[in-house]
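Input: a single structure, listed below in structure tokens.
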Protein chains: 2
Amino acid sequence: MNIGQAAKLSDVSAKTIRYYESIGLIPKAARADNGYRDYSENDVETLRFIKRSRNLGFSVEDVSNLLDLWRDKERASADVKAVALKHIEDVETRIQELQSIRDTLTNLTESCHGDDRPDCPILEGLAGNNGCCN
Amino acid sequence: MNIGQAAKLSDVSAKTIRYYESIGLIPKAARADNGYRDYSENDVETLRFIKRSRNLGFSVEDVSNLLDLWRDKERASADVKAVALKHIEDVETRIQELQSIRDTLTNLTESCHGDDRPDCPILEGLAGNNGCCN
DNA sequence: GATAACCTTCAACTTTACTATAAGGTTTAA
DNA sequence: TTAAACCTTATAGTAAAGTTGAAGGTTATC
């Protein structure tokens with residue numbers, strides 16, 4: 001199938017597929033007689049794998065590692081698990097950072113009456129005129 | 001004081017201070033006789049405000065708006081609150097996305113024995129061979 | 001007086017992951 | 001047959017927020 005069809009089936013745009021090929025994330029595609037890239041069902045599977053992994057927040061480099069593991073039928077599942085656990089840890093850290101930010105902002109906004117008067121604890125907090133943040 | 005001193009006091013690097021000036025986030029600095037930028041305590045306060053705001057995840061553009069509001073002694077606190085509430089909402093959305101990712105990954109890793117055998121539910125999940133994700 | 005530690009400008013580069021554009025060849029459908 | 005809808009390559013641009021480097025002037029210290 002042509003790249004457009006593969007794009008549709010995998011939900012990865014044609015441009016992005018070419019980009020992935022250019023950076024070596026996927027091997028160079030086979031070519032039809034007319035020079036067009038030619039994809040198999042298997043290639044589409046790979047693209048779907050990439051798409052799902054990216055949706056789960058793995059970097060392209062992580063995905064590259066995961067693809068290697070996926071293709072290696074002898075790999076130890078522990079190797080895959082290690083990549084996943086590391087990523088979970090990173091995600092968890094980011095969640096906690098964001099929660100901390102949210103809580104600080106929530107405290108600030110709750111103390112701001114939010115009307116047309118000018119005094120504003122939010123700005124005071126950002127300026128450091130209270131003990132609540134940093 | 002010189003830029004290095006202002007950098008130290010505000011915890012914003014000298015290069016970043018120059019960068020902020022170049023994009024108009026802060027006004028052009030006063031100059032000493034030798035041509036060096038000259039900062040006041042007030043300027044350092046502003047840099048600290050910027051630093052805290054950035055730490056709380058506000059974009060540079062948001063910070064620009066917040067600075068305008070900060071400088072405008074007539075502003076309505078409601079205007080500030082609106083910026084903060086919008087940001088809280090964005091942060092909350094991001095937290096939920098990350099939690100969803102984390103939960104999916106946790107499910108996958110929990111079903112993976114993680115030893116030296118090759119079969120791996122994580123890769124199967126990423127490949128779409130189960131119902132758990134996307 | 002030398003040398004380190006400052007400061008200056010300006011342009012270019014970094015990161016990540018694409019996206020866009022140009023100029024052109026191919027295929028499909030009316 | 002001609003127009004739309006594909007496909008090709010190569011180059012450049014985007015986002016965001018800085019960072020780096022070169023080439024040079026200034027100041028503080030030994």
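Everything numeric here is computed off the predicted structure, so don't read it as measured data.
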Legend entry - Lys/Arg N to Asp/Glu carboxylate O, B:E21 vs B:K28, below 4.0 Å: no
Inset, instruction - Salt-bridge test for A:E97 and A:R94: reply yes if a basic N is under 4.0 Å from a carboxylate O, no otherwise. - result: yes
[N] [atom2] sits how many Å from [X] [atom1], rounded?
X: A:I17; N: C:dT19; atom1: CD1; atom2: C1'; result: 14 Å
X: B:N2; N: D:dG25; atom1: CG; atom2: C1'; result: 14 Å
X: B:D62; N: D:dA16; atom1: CG; atom2: C1'; result: 13 Å
X: A:K51; N: C:dA17; atom1: NZ; atom2: C1'; result: 12 Å
X: B:R54; N: D:dA17; atom1: CZ; atom2: C1'; result: 7 Å
X: B:Q5; N: D:dT27; atom1: CD; atom2: C1'; result: 15 Å
X: B:K15; N: C:dC6; atom1: NZ; atom2: C1'; result: 12 Å
X: B:N55; N: D:dG18; atom1: CG; atom2: P; result: 10 Å

Inset, instruction - Report the residue (B:T16 or A:I3) whose heavy-atom-nearest nucleotide on DNA chain D is the more 5′ of the two. - result: A:I3
Legend entry - N/O donor-acceptor pair under 3.5 Å between B:R48 side chain and B:L9 backbone: yes
Legend entry - Any donor-acceptor pair under 3.5 Å from B:R37 side chain to B:R31 backbone: no
Legend entry - Of residues 18-39 of chain A, the positions that come close to DNA chain C - non-hydrogen atoms, cut-off under 4.0 Å: A:Y19, A:Y20, A:N34, A:Y36
Inset, instruction - Please report the closest heavy-atom contact between B:V63 and B:R54, naming both atoms and the distance. - result: CG2-CD, 3.9 Å
Inset, instruction - Assess the side chains of B:D43 and B:S40: does a donor N or O sit below 3.5 Å from an acceptor N or O? - result: yes
Legend entry - Selected nucleotide, minimal atom distance to B:V60 side chain, candidates C:dT19, D:dA17, D:dC7: D:dA17
Legend entry - Phosphate OP1/OP2 of C:dC18 contacted by A:S13 side-chain N/O (<4.0 Å): no
Inset, instruction - In sequence, state the C-alpha distance, the side-chain angles, and the governing distance for A:V80 and B:C112, and then conclude on side chain to side chain contact (heavy atoms under 4.5 Å, CB included). - result: CA-CA 9 Å; A:V80 182; B:C112 174; 5.6 Å; no
